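Beneath this line is the structure, given in structure tokens, with notes to follow.
Just so we're clear, the structure is a prediction, and the values are computed from it rather than from any experiment. Reckoned from all heavy atoms, side chains included, excluding hydrogens, waters and symmetry mates. Order of the sequence lines sets the chain letters (A, B, ...), proteins ahead of strands, with each chain counted from 1.
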Amino acid sequence: MLKDLNPPQREAAAYLDGALLVLAGAGSGKTRVITRKIAYLIIEANMQARNIAAVTFTNKAAREMKARVGKLLSAKQSRGLMVSTFHTLGLNILRREISILGYKSGFSILDAQDSMQLLQTISERSQLLDKECLQGLQNQISRWKNALVTPERAQAEAEDKDQHRDAHLYEQYQRQLKAYNAVDFDDLIGLPVFLFQQHPEVLEHWQKKIHYLLVDEYQDTNQCQYQLVRQLVGVRNALTVVGDDDQSIYAWRGAQPENLHLLKQDFPGLKVVKLEQNYRSSKRILKAANTLIRNNPHVFEKALWSDKGLGDQLRVLSTQDEVHEAEQVVSELISHRFQHQNKYQDYAILYRSNHQSRLFERMLRSHKIPYFLSGGTSFFSRSEIKDIMSYLRLVANPDDDNAFLRIINTPRREIGASTLEKLGTYATDRNISLFAACFELGLAERLSERALQRLQHFARWLTDISDRAERSEDPVDLTKEIIRTIDYEVWLQDTCDSVKAAERRMENIWELVEWLGKLTAESTENKKLADLVAYLTLMDILERQEENKAEENNDRVTMMTLHAAKGLEFPHVFLVGMEEEMLPHANTLEDEQMLQEERRLAYVGITRAQRSLTFSFAQQRKRYGEMKNCDPSRFLGELPEEDLHWQGGKQQAADPEARKAKGSANLAHIRGILK
DNA sequence: AGCTACGCATTTTTT
DNA sequence: ATGCGTAGCT
């Protein structure tokens with residue numbers, strides 16, 4: 001079973017004597033180790049699949065892992081195996097246990113947009129309307145939740161007025177969520193942790209269920225996720241985590257790469273296995289990656305090696321400005337493809353930030369080169385999908401005021417703002433949901449007969465659908481009935497710009513219904529609408545669509561951010577915009593920690609390449625409408641010079657001393673002018 | 001269906 | 001400054 005693994009891989013897969021940390025360098029076969037280990041646990045160690053859980057960060061990773069385990073095991077052997085994202089694992093725990101925390105079954109999950117909306121309503125009362133502030137507040141709340149800080153503690157620990165205000169809003173936000181019988185994405189992980197803390201007997205149940213836990217991309221875990229891992233593992237120490245501190249690029253959203261090092265303290269007998277053989281890149285590419293990352297401090301030293309050939313020199317394209325950069329990169333790509341008889345899909349253009357894609361897109365389009373652009377509006381943020389999802393959420397959980405407000409007048413039911421305001425006041429006064437308030441006798445005094453009729457008509461209809469969903473009537477049929485009853489298609493045609501747009505939106509909706517059906521068929525036990533809606537909320541339908549579109553033209557150049565490229569590989573990579581203030585990004589120059597993350601970002605980019613790697617930078621670039629001179633990135637200067645081939649003139653790659661000198665020269669110059 | 005005006009963002013993003 | 005998406009109008 002483990003024969004075709006290399007020695008460290010084999011050691012990692014077979015090690016069962018305690019907690020294990022696998023330091024898996026880029027391209028070293030970490031998924032292979034995890035999947036083999038799962039198979040090993042089942043076949044060799046006689047473990048039941050249903051007692052093994054593997055946790056990832058993205059749906060995509062979970063899917064890939066499932067597929068690869070599926071190839072190693074029979075359907076019978078892998079039955080009940082839990083491979084999921086952290087959030088889905090949390091959801092599964094909450095589905096069973098949330099009543100202890102005072103929520104009702106069928107709770108809603110609010111996505112980032114919904115939660116922002118809620119924060120907006122809450123903060124309107126306290127006159128905090130600034131958009132940037134609001135985003136900041138959402139981040140702050142997320143940080144608090146990730147650090148397991150309750151609203152009470154946030155208030156107790158607040159040091160200034162702003163923090164007090166934020167903590168207060170956090171408390172209101174949390175109270176409102178509870179009133180909606182809703183949780184947000186962070187709660188999916190945070191609530192299980194609180195629950196386990198307060199109810200050891202529940203934790204014990206889950207510890208008995210999960211005999212072995214495997215965690216992928218461990219460097220991306222935040223405090224809350226780490227806590228959940230520790231709780232589930234308990235004293236059993238049956239844990240394997242796989243990660244790479246050099247590929248930690250998500251500190252800015254709460255990931256704590258130090259969780260890797262903390263394992264050493266928390267699991268005293270921790271075994272560490274390093275996977276350093278790389279199966280992806282040429283020697284020269286790996287040497288560059290190793291040389292660059294050596295500029296970061298390390299707790300665990302690690303150097304990738306390969307038995308592949310030396311490979312071509314790494315090219316550095318120096319160009320006049322950003323337009324020339326795009327031009328030259330694209331023409332290099334074209335001639336390279338022609339010379340080597342490659343496909344477009346062998347090439348990727350990687351960049352630090354999204355807006356950099358624009359010029360490359362334009363250039364590729366003008367050359368009629370097909371491309372794939374990663375990023376864009378997600379399936380779930382499309383308004384038509386949000387509408388229908390809100391209907392489903394409301395059916396599953398009529399107390400979800402967030403969903404209620406979204407669709408009460410979509411399509412038009414002639415229920416206006418003033419009616420809703422009165423309904424809202426009435427509901428708030430009595431501490432009940434908007435839906436529940438519709439049936440209150442006292443409401444008649446406040447509303448006109450017509451308004452009341454309309455509200456109650458809607459509420460009665462909702463009650464009927466809701467009851468039928470509760471009685472497990474087929475979710476797909478119910479959803480179709482909803483769409484039909486509300487005349488959504490007609491409404492789309494009325495409100496959309498063009499017939500085409502309406503059709504497109506309707507197609508999206510049928511896509512959603514299709515997925516609902518697939519989910520119904522997939523799951524063996526949870527066929528209630530409420531469950532399906534919860535799982536649907538956590539799904540990445542759009543990406544699955546992309547994967548399924550295999551029949552369409554897949555031979556395209558890939559363009560994506562460095563963040564999005566993690567975990568992927570391409571024969572030929574262009575790493576563009578290699579300039580100071582782009583990579584490393586301008587906002588990171590002052591902070592050593594952030595600079596190190598930028599370096600890791602460059603490292604991730606370099607290690608995506610299998611056969612060839614080309615850097616490019618512009619000597620001048622338009623920023624905020626103004627032409628600015630640019631220095632080549634310091635990271636270029638940190639690469640082994642003998643492996644670089646400069647094209648278009650070699651500039652001094654920025655080195656710290658030169659930059660400092662230049663900086664103070666500028667400063668002196670400015671001072672001179674001022675005088 | 002197409003036009004204009006306006007807002008919005010120029011750091012990364014998953015669930 | 002720039003370009004993109006959207007809302008509202010014709």
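Comparing B/dT11, B/dT15, B/dT13 by their nearest atom to the side chain of A/T58 picks out B/dT15. Comparing B/dT14, C/dG3, C/dT2 against the side chain of A/K622 picks out C/dT2 as the nearest. When each of B/dT13, B/dT15, B/dT11 is scored by its nearest atom to the side-chain atoms of A/N59, the top-ranked nucleotide is B/dT15.
Here A/F185 lies in heavy-atom contact (under 4.0 Å) with a base. As judged by a 4.0 angstrom heavy-atom cut-off over every strand, A/R358 is placed among residues touching the sugar-phosphate backbone only. No engagement by A/D186 is indicated, since no non-hydrogen atom pair under 4.0 Å with the nucleic acid exists. In this structure, A/R600 reaches neither bases nor backbone, as no heavy-atom distance under 4.0 Å exists between it and the strands shown.
Taking CD of A/Q140 as the reference point, atom CG of A/L134 lies at 13.0 Å (rounded to 0.5 Å). Rounding to the nearest 0.5 Å gives a distance of 9.0 Å between CG of A/D114 and OG of A/S108.
OP1 or OP2 of B/dT13 has at least one side-chain nitrogen or oxygen of A/T561 nearer than 4.0 Å. For the pair A/N354 and B/dT12, the criterion of a side-chain N or O lying under 4.0 Å from OP1 or OP2 is met. Regarding contacts with the backbone of B/dT12, every side-chain N or O of A/H563 stays at 4.0 angstrom or more from both OP1 and OP2. A/R253 has no side-chain polar atom (N or O) that falls below the 4.0 Å cut-off from OP1 or OP2 of B/dT15.
Salt bridge A/D246/A/R599: absent, no basic N to carboxylate O contact under 4.0 Å.
Taking atom CZ of residue A/R623 and atom P of nucleotide B/dA9, one finds them 18 Å apart after rounding to whole Å.
In summary, the aromatic rings of A/Y347 and A/F570 are positioned with their centroids too far apart to meet the 6.0 Å limit.
Applying the 5.5 angstrom centroid cut-off and the 30 degree plane-angle cut-off, the aromatic ring of A/F57 is not stacked upon the base of B/dT15.
Rounded to whole Å, the C1' atom of B/dT14 lies 27 Å from the corresponding atom of C/dG3.
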